[in-house]
Every structure is written in structure tokens, then in C-alpha cells.
Undergrad: 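My questions all concern the structure below.
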Amino acid sequence: MGYKFNEVINRENTRSAKFEYREKLFGRSDVLPLWVADMDFASVPELQTALIERAQHNLYGYTTFDDDILSSIKNWLSKRHQYDINTDLLSFSPGVIPSLHALVQVFTEENDSIVIQTPVYPPFFSVVKLHNRELVENPLINRNGHYEMDFEQLEETFKNGAKAFILCSPHNPVGRVWTKEELQKIADLCVQYNVYLFSDEIHADIVFSGHQHTPIASLNHDIEQLTFTLMAPSKTFNIAGLQASYVISPNEELKKKVDQQLMRQGFASLNTFAFIALETVYNHGENWLDDLIIQLENNKKLIDQKLANSSVDITAADTEGTYLIWLDFTKTGLSHEEIKKKLNNEAKVGLNDGKSFGDQGEQYMRINIASPAQVIEEGIDRIIKAFE
């Protein structure tokens with residue numbers, strides 16, 4: 001590989017949330033942090049050059065986008081996902097979660113039902129509850145570490161009057177890259193029951209070999225007209241701190257409503273460096289991403305092999321994409337709190353608490369594998385030793 005994905009970069013004293021929050025979250029500052037969803041890898045080399053070049057101008061006034069930025073998005077989605085978009089329907093936002101808040105506020109009313117598929121990214125819960133909407137869960141089915149959708153129960157939630165459905169595609173934390181057939185079933189149900197689809201596709205680019213991400217809005221015109229697609233280069237290229245994302249709306253009329261709500265929330269535009277970053281990584285990051293995926297696949301294999309060759313009853317979900325791995329501790333015979341204490345105080349490894357992803361996260365934890373192989377090996381070795 002041409003990029004230094006096995007170089008350990010010191011992130012201490014850089015105000016990195018991953019490191020600075022250790023004491024607050026885990027009760028100690030010496031845990032190996034493998035939790036928050038950013039990477040320990042340097043981003044695309046061309047990005048650093050572009051940011052420095054822009055900084056040397058030393059003027060940072062209001063910045064807008066142009067056709068070059070729009071084309072970089074359009075070309076990326078077309079090449080990587082065979083998704084041909086109308087850039088007139090793009091709205092920019094600092095993040096997917098602010099966009100979800102805007103969509104919930106505009107296209108649902110208080111007490112409307114919104115469906116999520118648990119276990120799932122924790123902000124999905126708050127984005128519903130904070131606006132006094134009814135949270136309806138459509139739990140995923142765990143078949144020996146391979147998660148599937150419960151379409152019968154999903155249809156029941158739609159029959160009972162659900163107004164919107166928040167899809168996580170690829171899914172965080174279980175790592176599923178939904179097949180076109182699965183997505184078509186969702187699309188058919190949304191169209192049949194006239195349910196808005198808010199599709200979080202922030203992990204779309206990080207897909208393992210043998211799998212293919214399909215933007216659900218690309219399936220046909222009917223589902224496209226109900227779908228708001230939320231995407232970003234932030235997870236893909238480790239630029240979450242620069243805050244650049246976008247929403248693809250179904251049509252001009254609905255886009256105007258999205259833009260009006262984003263303005264009410266104070267999001268008029270991205271910052272100067274966010275636009276530079278978005279354009280640069282999409283134009284120059286493809287080879288970097290291809291090498292990254294190889295590194296992540298090798299890290300996942302390392303975890304699987306280490307666990308399989310150990311005496312501990314811990315397994316990892318059948319991951320198809322993302323750099324987030326769902327670890328199953330249910331066979332250890334320990335309670336959730338006992339598992340947490342062992343991880344924090346004996347293994348000294350900081351993972352995401354599975355219960356924050358919903359009730360289905362009891363006795364589960366999420367580990368971030370976007371670090372050099374030697375860091376991941378140290379982390380999994382510490383876990384195995386603590387649970388032997």
C-alpha cells in the first residue's frame with residue numbers, strides 16, 4: 001500500500017475528543033481509546049497541501065460553493081455508487097445529525113411516529129425524542145452475528161401510521177451493507193404506505209470486498225420522491241472535524257423546505273476549509289480510500305483470528321462495511337456492568353457502550369478498528385487477557 005496506515009501518530013494534546021474525553025467516559029485517562037468514530041490515520045496527502053495553500057491567503061471571509069465543488073460531489077457519487085444526482089437538489093450542512101434534526105422538524109409533526117432499526121447510532125434516538133415525536137423501534141434480527149431486517153414488523157409499524165423511517169445504510173454498529181433486494185423491500189413499503197425515508201448513508205464509501213453500497217434513492221423514481229439522502233466525506237476521509245455534509249432532496253419544492261429549516265437552525269453555509277476539504281478529497285482521494293479499505297479488512301481479520309484462537313467467548317459481528325465492529329459478550333456469563341468494568345479497569349480499553357445503541361446492545365460493545373494494526377492487536381490482546 002502506498003499510504004502509511006501502519007504509522008502510529010501521536011494524537012495527545014491535539015484536543016482530540018477520542019483522547020480528551022477518556023477520563024470523563026471511562027473514569028481513567030490510561031485506556032486505549034477505540035471508541036469514537038474517527039480514524040487514527042492521516043487523511044489524503046493532497047488535502048493537507050490544499051488547506052495550507054488556502055491558509056496562506058490569510059483571509060477567511062464568507063465562502064460559497066461553485067460548480068467545481070458541485071461537480072466533485074456529482075462525479076464521486078457517479079463513479080463510486082453509480083448514483084447520478086441533480087446538484088440543484090443539494091443542501092449543505094455541517095453534519096448528518098443537524099440535517100436529521102431539520103428533516104424531522106420539517107416533515108413530521110409532534111406525536112408523529114418515526115421508525116428506527118435498533119441497535120443503532122445513538123443520536124437516532126435523540127433526534128426523534130427531542131422533538132416530541134414517537135420513537136418506534138424495528139429491531140434487527142441477529143442470526144449468529146449476521147443481522148437482518150424484520151420486514152413483517154417493519155410493515156406493521158408503517159400500517160400503524162409511521163410518518164418517517166430513518167435508515168442507517170451501511171448500518172452502524174452492526175456493519176451490514178444492505179443488499180439491493182433488501183433495500184427494494186424497504187422502498188416498496190415506503191411507497192405503499194407513503195412514509196418519508198431519511199437515509200443516513202455517511203458510511204457509504206467504506207464497503208468491504210464482495211459488497212456494494214446502493215443509495216436507496218437510486219432504485220426508482222417512486223422511492224426517490226420520498227427519500228432524503230444524507231452523505232458526507234467525513235467518515236470516509238477522516239475529516240469529521242472540518243464539518244462538511246450534504247442532503248440530497250427529492251425535488252425543488254422539498255429542498256426549499258430543507259434549506260429554510262437549516263437557515264432557522266443557523267446553518268447558512270459551510271466554513272471555508274470544509275468546502276476545500278470536500279472538493280479535494282473527492283477529487284484526489286480514491287486511491288487512498290482503496291488502500292484504507294484493505295487496511296480495515298485486514299484489521300477485521302486480525303480481530304476474528306485472535307478471538308477464534310483464544311479461549312474467550314467473545315465474537316465479532318459479520319461486518320461488511322464501516323470501520324466499526326460490534327462485539328458480542330453475551331456468552332461470557334457476565335452482566336453488562338461487569339463487562340464494562342473489566343474493559344475499563346482490567347483491559348484498559350475504551351469501547352462504545354452497547355446499551356447506548358438501544359436495548360439490543362445489552363452485553364455488546366462497539367470497537368473502532370480504524371487504527372494501525374499494532375494498535376488494534378494491542379487492544380484485542382488486552383480484551384482477551386482480561387476475559388480469559
Side-chain angles (χ1 to χ4, degrees), residues 37 91 93 95-140 147-151 153-178 182-183 185-204 213-217 219 223-232 235 245-250 254 257-258 261-262 265 321-322 324 356-361:
S91 303
S93 162
V96 163
I97 297 306
S99 299
L100 274 176
H101 279 283
L103 294 173
V104 167
Q105 289 175 285
V106 172
F107 298 106
T108 68
E109 303 289 339
E110 285 199 8
N111 301 316
D112 279 348
S113 298
I114 300 178
V115 182
I116 63 173
Q117 292 181 312
T118 51
V120 75
Y121 184 46
F124 280 20
F125 294 87
S126 57
V127 84
V128 175
K129 292 179 178 179
L130 286 176
H131 301 293
N132 299 316
R133 273 58 169 173
E134 181 187 359
L135 179 71
V136 179
E137 296 187 23
N138 170 227
L140 299 174
Y147 282 79
E148 299 175 0
M149 296 189 195
D150 185 342
F151 289 104
Q153 199 264 353
L154 180 62
E155 182 170 10
E156 284 300 312
T157 69
F158 288 3
K159 281 182 179 178
N160 291 334
K163 187 67 174 291
F165 171 39
I166 305 177
L167 174 68
C168 195
S169 178
H171 194 279
N172 170 15
V174 306
R176 276 301 316 278
V177 176
W178 306 117
E182 288 170 315
L183 294 172
K185 289 181 181 179
I186 291 173
D188 291 344
L189 290 173
C190 287
V191 170
Q192 181 179 350
Y193 293 99
N194 195 33
V195 175
Y196 280 121
L197 179 59
F198 307 151
S199 187
D200 174 1
E201 303 186 19
I202 196 169
H203 292 282
H213 173 74
T214 300
I216 192 167
L219 292 177
I223 188 59
E224 181 185 40
Q225 291 305 301
L226 289 170
T227 302
F228 296 84
T229 305
L230 301 97
M231 289 182 154
K235 302 300 183 188
S245 81
Y246 49 91
V247 182
I248 306 167
S249 294
L254 297 183
K257 294 182 179 181
V258 174
Q261 183 59 39
L262 288 172
Q265 294 175 198
T322 83
L324 306 166
S356 68
F357 297 83
D359 291 341
Q360 290 74 25

Undergrad: Passes side chain to side chain contact (heavy atoms under 4.5 Å, CB included), Asn138 versus Asp150? Steps please.
TA: CA-CA 7 Å; Asn138 170 227; Asp150 185 342; 3.9 Å; yes
Undergrad: Cut-off 3.5 Å, side chains only: do His213 and Glu201 have a donor facing an acceptor?
TA: yes
Undergrad: With a 3.5 Å distance limit and no angle check, can you tell me whether Ser245 reaches the backbone of Ser93 through a side-chain donor-acceptor pair?
TA: yes
Undergrad: Should Thr227 and Leu167 count as side-chain neighbours, where that means a heavy-atom distance under 4.5 Å?
TA: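 When only atoms from C-beta onward are counted, Leu167 and Thr227 do not touch, as no gap falls below 4.5 Å.
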Undergrad: At what distance, to the nearest 0.5 angstrom, does CD of Gln105 lie from CG of Leu262?
TA: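 Result: 9.5 Å between the selected atoms.
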Undergrad: Would you indicate whether the side-chain heavy atoms of Phe165 and Ile186 approach each other to under 4.5 Å?
TA: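 Side chain of Ile186 against side chain of Phe165, heavy atoms only: contact under 4.5 Å found.
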Undergrad: What are the two closest heavy atoms between Pro215 and Met231, and how far apart are they?
TA: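 Looking at all heavy atoms of both residues, the shortest contact is CG-CE, 4.4 Å.
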Undergrad: Which pairs count as side-chain hydrogen bond (donor to acceptor under 3.5 Å, both in side chains) when at least one residue sits in residues 158-168, sequence neighbours excluded?
TA: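 Found none.
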Undergrad: Could you give me the CA-CA distance, side-chain angles and deciding distance for Leu226 and Asn194, then say whether side chain to side chain contact (heavy atoms under 4.5 Å, CB included) is met?
TA: CA-CA 8 Å; Leu226 289 170; Asn194 195 33; 3.5 Å; yes
Undergrad: Quick check for you: to the nearest 0.5 Å, what is the distance between Asn132 atom CG and Glu109 atom CD?
TA: 12.0 Å
Undergrad: Side chain to side chain contact (heavy atoms under 4.5 Å, CB included) between Met149 and Arg176: does it pass, once the steps are laid out?
TA: CA-CA 10 Å; Met149 296 189 195; Arg176 276 301 316 278; over 6 Å; no
Undergrad: Mind checking what makes side-chain hydrogen bond (donor to acceptor under 3.5 Å, both in side chains) contact with Asp188, not counting sequence neighbours?
TA: Gln184
Undergrad: Under 4.5 Å between any side-chain heavy atoms of Leu154 and Val115, yes or no?
TA: yes
Undergrad: According to the interplanar angle, ranging from 0 to 90°, do the rings of Phe107 and Phe198 count as parallel (below 30°), tilted (30 to 60°) or perpendicular (above 60°)?
TA: tilted
Undergrad: I'd like to check Arg133 versus Glu110 (side-chain heavy atoms, cut-off strictly below 4.5 Å). Are they in contact?
TA: yes
Undergrad: Compare all side-chain heavy atoms of Leu183 with those of Ile223 and state whether any distance is below 4.5 angstrom.
TA: no
Undergrad: Hey, does Ser169 have a side-chain heavy atom less than 4.5 Å from the side chain of Ile216?
TA: no
Undergrad: When you compare the side chain of Phe124 with that of Thr118, does any pair of heavy atoms fall below 4.5 Å?
TA: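 When only atoms from C-beta onward are counted, Phe124 and Thr118 do not touch, as no gap falls below 4.5 Å.
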Undergrad: Could you tell me whether the side chain of Gln225 and the main chain of Val191 form a donor-acceptor pair under 3.5 Å?
TA: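 Pair absent, no side-chain N/O of Gln225 close to backbone of Val191.
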Undergrad: With rounding to the nearest 0.5 Å, note down the distance linking CZ in Phe357 to CG in Leu324.
TA: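 Here the rounded value is 7.5 Å.
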Undergrad: Do any N or O atoms from the side chain of His171 and from the backbone of Pro119 form a donor-acceptor pair under 3.5 angstrom?
TA: yes
Undergrad: Rounded at 0.5 Å granularity, tell me how far OH in Tyr147 sits from CD in Gln360.
TA: 8.5 Å
Undergrad: Do Lys257 and Ser249 have side-chain heavy atoms sitting under 4.5 Å apart?
TA: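 Of all side-chain heavy-atom pairs linking Ser249 with Lys257, none is under 4.5 Å.
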Undergrad: With side chain to side chain contact (heavy atoms under 4.5 Å, CB included) as the test, would you mind laying out the steps for Val120 and Phe125 before giving the verdict?
TA: CA-CA 9 Å; Val120 75; Phe125 294 87; 3.9 Å; yes
Undergrad: In Å, rounded to the nearest 0.5 Å, how long is the span from OG1 of Thr322 to NZ of Lys235?
TA: 10.5 Å
Undergrad: Measuring from Leu254:CG to Leu103:CG, what's the distance to the nearest 0.5 Å?
TA: 10.0 Å
Undergrad: Leu230 and side-chain contact (heavy atoms from CB on, under 4.5 Å): which single residue from Ile97, Ile202, Val247 fits?
TA: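 Output: one option passes, namely Val247.
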Undergrad: Are the side chain of Trp178 and the backbone N or O of Cys168 linked by a donor-acceptor pair below 3.5 Å?
TA: yes
